[in-house]
Every structure is written in structure tokens, then in C-alpha cells.
2 protein chains.
Amino acid sequence: MPDRAIRPRKEFGKTIAADITHRLREEIIACGLLPGEPLRFDVLRERFGASFTTLREALTALSAEGLVDAQEQRGFRVAPVSGQDLVEVTDARVLIDVELIRRSIQKGDDDWEIAVISTLHRLKRIEQRDPEQALRDAEWKIAHRQFHQALVSACGSATLLAIRAELFDRAERYRYLSANFRPRPRDKAGEHQAIMQAAISRNAEQAAELIETHIRSTADNVAKYAGHLLEAG
Amino acid sequence: MPDRAIRPRKEFGKTIAADITHRLREEIIACGLLPGEPLRFDVLRERFGASFTTLREALTALSAEGLVDAQEQRGFRVAPVSGQDLVEVTDARVLIDVELIRRSIQKGDDDWEIAVISTLHRLKRIEQRDPEQALRDAEWKIAHRQFHQALVSACGSATLLAIRAELFDRAERYRYLSANFRPRPRDKAGEHQAIMQAAISRNAEQAAELIETHIRSTADNVAKYAGHLLEAG
DNA sequence: CTCACCCTTATTTTCGAAAATAATATCGTT
DNA sequence: AACGATATTATTTTCGAAAATAAGGGTGAG
């Protein structure tokens with residue numbers, strides 16, 4: 001494996017640019033890079049071991065996703081957060097997720113049901129197995145994302161799924177941002193269970209209602225306990 | 001104006017990359033670059049007079065907008081078209097535009113009404129003034145875009161407006177693609193007039209219905225008269 | 001004749017130097 | 001001291017050469 005020696009870092013994607021895009025996205029979502037923080041090339045160059053132009057390509061891609069803010073001739077910075085933005089992202093997510101879960105419930109086949117059930121199962125196992133938080137969080141967040149992804153995966157529109165994925169990422173960043181300030185959520189396990197049951201029993205109206213409540217209550221929680229972070233910038 | 005001599009091409013945006021992104025977007029939408037066509041750097045370099053990396057940045061941005069297809073290690077090509085994609089874009093547009101026009105009707109102030117009325121007025125003037133087609137088309141398309149933009153501009157969500165704009169561009173490309181094959185549309189002027197009236201009189205339900213019909217009938221027309229172009233790619 | 005392999009060519013991808021621009025500090029004038 | 005103009009520094013942006021990768025072509029073994 002001589003490649004490994006020559007170019008150690010290329011875990012995701014075939015090109016370095018795609019890899020860096022992926023790593024930067026993860027860091028921004030997890031607030032390892034804080035909202036509003038300037039993204040200077042010198043710093044990024046050292047941190048990610050890539051050249052100006054490769055970094056520039058990654059930042060341009062993330063700019064289109066709404067995670068990075070490009071200020072022409074004055075560089076890039078992590079996209080700032082705000083109460084207004086949180087409201088917009090939440091509203092857009094409700095609009096799209098509600099529609100997509102309706103379509104998935106209408107079109108979903110056996111494989112879809114299996115995906116919904118198994119991703120929820122994994123999520124619950126993680127919640128039960130390890131009441132610790134540190135290790136749990138990363139794994140839980142992946143499982144959580146996959147469950148919600150599975151719910152809408154049968155909607156039939158790659159276009160809307162791509163838009164949904166971007167909005168999910170933007171919302172996830174707010175959850176990370178507020179994670180240290182808000183208490184553990186009330187009964188998320190119960191909510192997920194109810195959503196799964198409504199979906200599998202093909203009760204579109206109930207599933208739509210539950211999803212909307214789920215998304216909005218999470219956002220409300222963020223706003224309630226991290227409101228002080230949303231207007232400073 | 002010494003800048004002009006040193007760097008002739010920078011009409012849009014402050015950076016060359018932003019300018020090229022803009023010009024490439026226009027050409028792809030207008031099908032000056034055809035769906036599926038490979039975008040080789042040698043060719044683009046000569047055509048746009050920019051370097052590899054600058055072009056790469058532009059292509060990356062357009063890739064995120066769905067107008068360019070990035071194939072890792074194998075370059076870029078104009079995003080292909082298909083019947084499935086047309087259906088998805090149309091569906092997504094209906095979902096979002098219908099919602100945004102409802103919100104605009106609820107929130108729109110005097111300035112919004114003025115924008116709707118005046119953009120429609122301009123559109124009608126162009127239609128009446130110059131029954132020629134060649135010159136009309138470019139101008140008409142701009143006015144048409146601005147009218148539809150005005151209708152939803154008061155919705156209050158920059159997030160959803162950005163998503164809407166991307167979908168509009170993708171749909172516009174299909175209209176260009178089919179322009180040479182389909183007859184002049186039936187009564188677009190009448191449809192626009194009706195939409196404006198419903199909006200101004202704050203009849204949200206009627207406006208929503210008219211917009212949906214408007215979007216779907218345009219897409220149907222494209223599929224009907226340019227169907228043969230949609231599966232070759 | 002077919003297929004796998006290596007070699008050659010075409011193309012993309014990455015890099016760091018150099019140019020362009022913005023930010024900051026310095027200085028002279030009022 | 002306050003202000004504006006100018007020089008200095010910091011940072012971004014652009015470029016084309018060089019490295020990496022894919023595509024194409026030919027050769028020989030089976």
C-alpha cells in the first residue's frame with residue numbers, strides 16, 4: 001500500500017478537495033470551528049495540509065451549502081448563526097420533511113420498512129447500552145441521522161433529498177452549538193418510536209404531525225437554552 | 001479606468017471566479033453548453049481566459065447548484081437532463097413556490113404589491129411591443145424571472161428563496177432546451193395576469209392553485225415537445 | 001481471436017510562487 | 001490632537017508548472 005505513505009490523508013472521496021470538504025463540513029457542524037470564525041488560509045493550510053487552491057475549492061462548495069460565508073476579496077468565515085436563521089431552517093425542514101415522509105409512506109416498499117425499523121433499533125440500542133454521554137454522542141448522532149434519513153428515503157426525489165440533507169446539516173450545527181447548555185431532551189426515544197409506528201402503519205397524517213412537532217420542539221429547545229449565542233455572532 | 005486594460009473580463013462579481021461562475025451558469029441554462037457535454041479544462045481555459053484552479057472553483061460551485069456534474073478524477077460535464085429530473089424539479093418547485101406565494105400574500109406590504117404589479121407590467125410591455133422573437137426572448141426571460149421572483153419575494157425566508165432560485169434555474173434550462181421544438185405557449189400573458197390579480201387581492205388559495213397549474217403546464221409542454229431530448233443525454 | 005498486461009498519451013488534480021487587494025501603520029499638515 | 005494621504009504589512013486570489021490519474025493502443029500469451 002504505497003499510496004498510504006505518499007498521501008496519508010484521503011479517507012473520504014477520491015480527490016483531496018472532496019476529502020477536505022468532508023472534513024471541514026464535519027468540523028463546522030460539530031462547532032469545532034465556531035460560527036463567524038474567520039477561515040484564514042494560513043491556518044487551514046497547516047491544519048489540513050493542503051494548498052491554497054484545494055482549500056479554496058472546499059470552501060466554495062461549503063459556501064453553496066450554507067455552512068461557510070464567502071466575502072469576496074476578504075476571505076471566508078464559518079457561516080454565522082442567528083435566531084432568524086434557526087427559524088428559517090426549521091420552517092424549511094418542516095415544509096420538506098413533512099412532504100417527503102408523506103411520499104415515503106405512500107411509496108415505501110419492504111426494504112424501506114426494514115430500513116426504518118432497523119435504524120430505529122440501532123438508535124435505541126445505543127441509548128440503552130451506554131448511558132455515558134461522551135462516547136455516546138458521536139455514535140448517537142450518526143444513528144439519529146440515519147433513522148431520519150431512512151424515514152424519507154422512499155420519497156422518490158433525489159432532488160428534494162439533497163435539499164433536505166443540507167437543511168439537516170445546518171440544523172445539526174445548532175444542536176451541537178446548544179448541546180452544552182440545554183438539559184438532556186425529554187422523551188426523544190418515545191417520539192422516535194411513535195414516528196416509526198405511524199410510518200410503518202402507513203398513517204401519513206399522524207406521521208407528518210409527529211415529525212413536525214419533533215422538528216419544532218428540538219428547535220424550540222435550542223432557542224430556549226442557547227438563545228444567548230444566537231445574536232452575538 | 002486602468003483596471004479595464006489590465007483585466008478586461010470581470011463584469012459580474014469582484015473576483016474572477018465569481019464572474020466565471022456567473023457566465024458559465026448563464027451558458028449552461030441557455031444550453032450554449034449542452035446537457036451531458038464534457039467540460040474540459042483546455043477548452044474552458046481558452047473560452048473563458050482563466051486558469052485551471054479558477055475554473056475548477058467555478059465548476060465546483062455550479063456542481064452544488066445541480067447544473068454541473070462532477071465525476072471525481074474524471075472531470076466535469078454539464079449536468080445531464082432526463083424526464084425523471086424534469087419531474088423532480090417540477091415537483092420541488094410546486095412544493096416550494098406554492099408555500100412561498102402563500103407566505104408572501106400574507107406578509108407582503110405596499111412595496112411588494114408595487115413590485116408584483118410593475119414587473120408584470122414590464123413583462124406585458126415586452127410581449128406587446130416587439131412581436132419579434134429573437135431580441136424578445138432574452139429580455140422576456142429576464143422580465144419573466146423577475147415577475148415570478150417578485151411574487152414570492154415577501155415570504156420572509158432567504159433560505160427558501162435561495163433554494164427556489166436554484167430550482168428555477170434548473171427548470172429554465174429545460175425551457176431553453178425545448179424552445180426550438182415547442183410552439184409558442186397558449187396564453188401565458190393571461191395566466192400571469194390572473195396570478196397577479198389573485199396575489200394583489202390576497203386570495204392565497206387561488207394564487208397557489210394558479211401557480212401550481214402554471215408550473216406544471218409549462219413542464220408538461222416541455223415534456224410533450226422535447227421528450228425525445230430527455231432520454232438520450 | 002480474446003484477454004490481460006504494460007506503455008504511451010490525454011486529462012485532471014495539486015502545489016507553491018507571484019500578483020492583486022485589503023488592512024494597518026506612519027507621517028506630515030492643519 | 002485630528003485628519004487625510006501614503007507606505008507597509010497581511011491576506012486573499014490567480015496563475016501555470018508539475019504530479020497524479022485515467023484513457024487509449026499495442027503486444028504477446030493462451
Side-chain angles (χ1 to χ4, degrees), chain A residues 1-24 28 33 36-64 67-80 233, chain B residues 1-25 28 33 36-64 67-80:
Chain A
M1 207 182 277
D3 269 341
R4 188 57 81 89
I6 295 165
R7 281 230 301 261
R9 314 170 227 230
K10 208 167 35 143
E11 299 172 13
F12 179 88
K14 286 187 192 171
T15 66
I16 295 180
D19 185 45
I20 304 242
T21 304
H22 183 252
R23 292 204 286 151
L24 256 170
I28 291 172
L33 295 164
E37 183 174 344
L39 296 164
R40 295 226 182 74
F41 285 99
D42 291 339
V43 180
L44 296 177
R45 206 136 156 280
E46 198 173 349
R47 170 110 83 125
F48 291 94
S51 71
F52 295 111
T53 30
T54 304
L55 287 164
R56 188 154 240 281
E57 187 181 330
L59 291 170
T60 301
L62 293 173
S63 173
L67 290 174
V68 160
D69 186 26
Q71 309 166 284
E72 295 200 336
Q73 303 287 26
R74 303 203 294 131
F76 299 82
R77 59 176 179 163
V78 180
Chain B
M1 206 182 278
D3 267 341
R4 186 59 77 94
I6 296 165
R7 280 232 299 260
R9 313 171 226 230
K10 211 184 262 183
E11 299 174 11
F12 180 89
K14 286 187 189 172
T15 66
I16 294 180
D19 186 43
I20 303 240
T21 304
H22 182 252
R23 291 205 286 151
L24 256 171
R25 184 189 294 115
I28 290 173
L33 295 164
E37 183 173 344
L39 296 165
R40 297 227 182 76
F41 284 99
D42 290 340
V43 180
L44 296 177
R45 206 134 156 281
E46 197 173 349
R47 171 110 83 123
F48 291 93
S51 70
F52 295 111
T53 30
T54 305
L55 287 165
R56 189 155 239 282
E57 187 181 329
L59 291 171
T60 302
L62 293 172
S63 173
L67 290 174
V68 160
D69 185 27
Q71 309 166 283
E72 294 199 337
Q73 303 286 25
R74 305 204 293 132
F76 299 83
R77 58 174 180 166
V78 180

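Lettering of chains follows the sequences in order, A, B, ..., and the numbering in each one begins at 1. The structure displayed is predicted, hence computed values, not measured ones.
Look at CD on B/Q71: it is 14 Å from C1' on D/dT21, rounded to the nearest Å. Between A/F41 atom CZ and C/dA20 atom C1' there is a gap of 14 Å when expressed in whole angstrom units. In this structure, A/F48 places its CZ atom 15 Å from P of C/dT14, rounding to the nearest Å. When the P atom of D/dA22 is taken as reference, atom CZ of B/F76 falls 15 Å away, rounded to whole Å. Rounded to whole Å, the distance from NZ on B/K14 to C1' on C/dT21 is 10 Å. Between A/R77 atom CZ and C/dA23 atom P the separation is 13 Å, expressed in whole Å. One can place CD1 of A/I16 at 17 Å from P of C/dT12, the figure rounded to the nearest angstrom. Spacing between atom CZ of B/R40 and atom C1' of C/dT9 amounts to 13 Å, rounded to whole angstrom units.
For B/T15, the side-chain atoms get nearest to D/dT13 when compared with the rest of C/dT12, D/dC15, D/dT13. For B/Q73, taking side-chain heavy atoms from C-beta onward, the closest of the listed nucleotides D/dT21, D/dT12, C/dC15 is D/dT21. For A/A17, counting side-chain heavy atoms from C-beta on, the closest listed nucleotide (C/dT14, D/dT14, C/dT13) is C/dT14. When the nucleotides D/dT14, C/dT12, C/dT21 are ranked by their closest atom to the side chain of B/R56, C/dT12 comes out on top. Distance from the side chain of B/R45 is smallest for D/dG16 among the nucleotides D/dT13, D/dG16, D/dT11. Of the listed nucleotides (D/dT13, D/dC15, C/dT11), C/dT11 has the atom at the smallest distance from the side chain of B/D42.
Checking each of A/V78, A/T21, A/L39 against A/L62 for a side chain to side chain contact (heavy atoms under 4.5 Å, CB included) leaves exactly one that passes, namely A/T21.
Once rounded to the nearest 0.5 Å, the distance linking CG of A/L24 with CG of A/L44 reads 6.0 Å.
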Q) When you look at B/V43 and B/E37, which way does the side-chain contact (heavy atoms from CB on, under 4.5 Å) test go after all the steps? A) CA-CA 12 Å; B/V43 180; B/E37 183 173 344; over 6 Å; no
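Cation-pi geometry between B/R56 and B/F41 is not met at under 6.0 angstrom from the ring centre and within 45 degrees of the axis.
Distances shown here put a side-chain N or O of A/R74 below 4.0 Å from the OP1 or OP2 atom of C/dA23.
Ranked by how close their nearest DNA chain C nucleotide is to the 5' end, A/E57 and A/F52 are led by A/E57.
At a threshold of 4.0 angstrom between heavy atoms, the contacts of B/T54 are confined to the sugar-phosphate backbone, with no base atom among them.
The two residues B/L59 and B/F76 come nearest to each other via the heavy atoms CD1-CD1, 3.6 Å.
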